[in-house]
*Asks:* 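Have a look at the structure that comes next, please.
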Amino acid sequence: IQMGLAENQLCFDMVEQWMNNNPSASICTSQGARGFKDIAIFQDYHGLPEFRNAVAKFMGKVRGERVKFNPDRIVMAGGATGAHETVAFCLADPGDAFLIPTPYYPGFDRDLRWRTGVQLVPIECQSSNNFKLRIEDLESAYDMAKLNNVRVKGLLLTNPSNPLGTILDGNTLRSIVSFTNDNNIHLICDEIYSATVFDKPDYVSVAEVVDEYLNNANDDGEGDDGNSNGPRPTLNLDLIHIVYSLSKDMGFPGFRVGIIYSYNDVVVSCARKMSSFGLVSTQTQHLIGSMLSDDDFVDEFIAANRRRLAERHRAFTGGLAEVGIRCLKTSNAGLFVWMDLRRLLKEQSVEAETALWRVIINEVKLNVSPGSSFHCSEPGWFRVC
Amino acid sequence: IQMGLAENQVSFDLLEDYLEKHPEASSTTHNFKENALYQDYHGLKSFRQAMASFMSQIRGGRATFDPDRIVLTAGATAANELLTFILANPGDALLVPTPYYPGFDRDLRWRTGVKIVPIHCDSSTNFQVTKEALQSAYNEAVSMGLKVRAVLITNPSNPLGATVQRVVLEDILDFSVEKNIHLVSDEIYSGSTFSPDEFVSIAEVLNDRGSIQSESERVHIVYSLSKDLGLPGFRVGTIYSYNDAVVTTARRMSSFTLISSQTQHLLACMLSNAEFTENYISKNRERLRRRYEMIIAGLRRAGIECLEGNAGLFCWMNLGPVLVDPTREAELSLWKLILKDVRLNISPGSSCHCSEPGWFRVC
C-alpha cells in the first residue's frame, strides 16, 4: 500500500462538482471553446492576469485574509520543483550554500543542487523539542559554515514542515526573520502546505511578519503605553521570498502550478524571465483562474479541506495510538504523520532503521518513508502519508 | 502591425471543430482526479504515443518514433536548455548555423553557462551550411580554448523559412561523427512545410544510413506544438533522443518543467485521432503555403525578393539592395525606419546573428 506519496485526495468531489457547474472554465467544452484560440496563443511570461489575481486571492484566503498578496509579484514556475530551482539560480552562484533545517524533503537535494551547483548545509533539529528549529542551532550552523569558508546565501524553511507536519509559532518565525535580516542572507519560505493546517495553533506565514513590519513602519513609533519605543529595526524585504504551489493544498500536482512570490523586485523580474523555462499551461492557468476567483467555492474548499484533513489525522493517529505507536504530537498540518518507531529499533542507528523499513515494506507491505531519507538526525522516525 | 511574432493562426478553426465534436478531450468530463494527480515524469503514455505517431505522420511515415524515447518538457525553450545542460558543461561550446532564432542566446547560454559559436552561412549558398563553414566554426571554438560538444541546427530553419537539404544534413552528421560530438535537430517547424515531400528529418537520414548506433546515439530531436499546431500557450515540448543515457537523464531533469497533465490529456485525445491529424497536417500546410505565396508575390511586385522558402511561418526578405551601405548599422537604421514610419514590426537579420546585412524576417 502506497503511504509514501504526499497527495491530497480529500476534496476532489467538490472540485469535480465545481467543474460540472462551470463548463466555461474548460476550454474544451462548447462553452469554453470560444476562448480557446486566445488562450492557446497566449505565451506571455507574465501569465494570464486572471490567473495571477486568483492565485493572489487564494493565498490571502488561505491565510485567513490576514494578508494580501500583490498579483504583480506572482511569478510562475514548473511546479514548486521548478520554483525552488529558479529561486536558487536567482539568488546563488555555483558553490554557494543554503542552510536548511532537518528533517527535510528529500527532493531538495536534487532540486536545489543538481543544475545550480548550490550546496545545502543542514541544521540538525532534535526530537527533544519536537524538532523545532532553535535559533542557537541556526546561529552555530551559520558560524560553522563561515568558518569552513562556505558562502551562505540564505536559509530555506518549509513551513508547514514536510515531513514533520508542524508549523512555526509567530515568535520563532520573527526571530528567524531577524536572524536572516541581521546577517543579510535570504529567507526562502516554502509554504506549499499552508492550506493543510487543520488544527490550532493558527498558521503564521512569513507574509504576515512582513505585513506586521510594514504596518508598524507606518506608525509614528509610539508603543502601546504611549511612550516612544526607540528606533525600530529595518527589515530588508529584498531578502524575503515565498515558494508556493497548488500540488498539496489543492491536490493538483499534475497541473504543475508553481509560484514564486518575492518581495524583491529584481528577483521578481529575473524569475519571471526564467519562468520561460517552466510556464504554466494557459489551459491550466485559465482553469485555475476561473476556479480560484469563485469566492464561495474557495471558502468552502479551504474549510472542507481542513475539516477532512483533521478527521483523517485523528483517525490515523488514534489507530496508531491503540497499538502503542506515537506520532509527533505537535503536528497540526500536512498530508502525513511523523511516526515514532524508535522503540522498535534493535539499536539507535540508521542501519537498524533501514532494516525495520525493509520489514515494513516487504512483510507488512506498506510503503512508508524512513527518516534517514529526510536527513533526520535521529533514527527511528518514519513519514506516513 | 506585429510581424515579428512567429505565430500560427491559420488553422484554429480545425482545432475548435475537433473540440466541439470530442468532449472526452476535456479531462473535466472524466477522470479529473486521476489526471490532476498524475505527476510522473515519464508523461502520459497515451500522450507520448500520440506524439510519436503525429511526428511520424508529419514525416510522411518515412520515420517512426518510439514513445519511450519521448521526454516531455514545458515548451521547446525548456527542451533546448535541458539538452544543453546534459550535453555540455559550463564553458563548453555549441556550434549553431547563422542566422538563428535570437531566443537561443538566452535558452542555450543563460543558466547553462555554455557558449554559442556561430557557423556562418550566407546567401551564396542560400544560407545552407557548408563543410567549410562547419570546420571554420569548429576551429574558431578550439582557438578560443572551448570544447565543442554539439552542433544545433533548426530544420526547417527559423528565420530562413527553408528546409535543410538532405546532402547538407548528411554533411553535418558526418562532421558530428568525425569530431565525436552531438547533433541536436530542432524540428519544431516540421509540420509547417508547405509540401509534404520537401522536409527531410535527421530521423530519416539515420534510417536511410542503416540506423548505426554510433551515429544515432549522438542525435537528438527537439519538437513542440507551438508552431505546427499554434499552441504556444500550452507549453508542449519534447526531446526525442536515440541515446538511452540522455533519455534517462532528460526524463529526470524534466521534473523542473513537466507538461500540465490536463494538457497532456487533451492533446493525447486530439493527436491520436488519425483522421483529425491527417486532415490538420495537410490543410495547415496548404494554408501556410498560400499565405506565403501571397506575401512573396506582393513583395515581388514591389521589387523586393525573398529567399526561396518552403516552410515556416515567415519569409526571409532581402532588403540588401536598399541599404545605404552593406553594414549592420545601415540595416539597423533601415529597421528603425520601417518600425517608426511604415509601422511594421519585423525582425532585422542582425538580431538573428546573420553575417550578411540587409535581411529581415517577416511573419
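Note that the structure is a prediction, hence the values are computed from the model and not measured. Chain naming here is simple, since letters A, B, ... match the order of the sequence lines and numbering starts at 1 in each.
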*Asks:* Counting a contact as any heavy-atom pair under 4.5 Å apart, which residues of residues 88-95 of chain A contact chain B?
*Replies:* A:Phe89

*Asks:* Answer yes if the side chains of A:Asp190 and A:His84 hold a donor-acceptor pair under 3.5 Å, and no otherwise.
*Replies:* yes

*Asks:* Closer than 4.0 angstrom, basic N to acidic O: yes or no for B:Arg111 and B:Glu81?
*Replies:* yes

*Asks:* A:Tyr104: what forms a ring-ring contact (aromatic ring centres under 6.0 Å, His included) with it, not counting sequence neighbours?
*Replies:*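 ring-ring contact (aromatic ring centres under 6.0 Å, His included) list for A:Tyr104, sorted by chain: A:His375.
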
*Asks:* Can you tell me which portion of B:Leu15 sits under 4.5 Å from chain A's heavy atoms? Options are side chain, backbone, both or neither.
*Replies:*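 Looking at B:Leu15, just its side chain touches chain A.
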
*Asks:* With respect to chain B, which residue among A:Pro253, A:Ser247, A:Gly78, A:Gly82 yields the maximal number of heavy-atom pairs within a distance under 4.5 Å?
*Replies:*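 Sorted descending by pairs with chain B, the first entry is A:Pro253.
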
*Asks:* With a 4.5 angstrom heavy-atom cut-off, could you sort out which part of B:Phe12 is near chain A: side chain, backbone, both or neither?
*Replies:* side chain

*Asks:* At a 4.5 Å cut-off on heavy atoms, which part of B:Asp107 comes close to chain A: side chain, backbone, both, or neither?
*Replies:* both

*Asks:* More than 12 heavy atoms of other residues, nucleotides or ligands under 6.0 Å from CD of B:Glu34: is that the case?
*Replies:* no

*Asks:* Return yes when atom NZ of B:Lys115 has more than 12 non-hydrogen atoms of other residues, nucleotides or ligands closer than 6.0 Å, and no otherwise.
*Replies:* no

*Asks:* Any non-hydrogen side-chain atom of B:Asn158 less than 4.5 Å from a side-chain atom of B:Arg361?
*Replies:*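 They are in contact (side-chain heavy atoms under 4.5 Å apart), so the answer is yes.
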
*Asks:* Name the region of A:Met250, side chain, backbone, both or neither, that has any atom closer than 4.5 Å to a heavy atom of chain B.
*Replies:* neither

*Asks:* Among B:Gln39, B:Gln264, B:Met253, who wins on heavy-atom pairs under 4.5 Å with chain A?
*Replies:*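 Option with the top pair count is B:Met253.
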
*Asks:* Heavy-atom pairs under 4.5 Å with chain B - which of A:Ala33, A:Ser276, A:Gly278, A:Ser30 has more of them than the others?
*Replies:*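 The answer is A:Ser276.
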
*Asks:* Do B:Ser260 and A:Ser281 pair up side chain to side chain, a donor and an acceptor below 3.5 Å, judged on atom types alone?
*Replies:* no

*Asks:* Applying side chain to side chain donor-acceptor pair (under 3.5 Å) as the test, list every pair that has at least one member in residues 245-254 of chain B; sequence neighbours left out.
*Replies:* none

*Asks:* Ion pair present between B:Glu286 and B:Arg290, side-chain N to carboxylate O less than 4.0 angstrom?
*Replies:*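 Here B:Glu286 pairs with B:Arg290 in a salt bridge, since their nearest N and O are under 4.0 Å apart.
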
*Asks:* What part of A:Leu48 gets within 4.5 angstrom of chain B, counting heavy atoms only: side chain, backbone, both, or neither?
*Replies:*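 Looking at A:Leu48, nothing touches chain B.
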
*Asks:* Can you name the salt bridge (charged side-chain N to carboxylate O under 4.0 Å, His left out) partners of B:Lys45, sequence neighbours left out?
*Replies:* B:Asp68

*Asks:* Which atoms of A:Val257 come close to chain B, meaning under 4.5 Å heavy atom to heavy atom: side chain ones, backbone ones, both, or neither?
*Replies:* neither

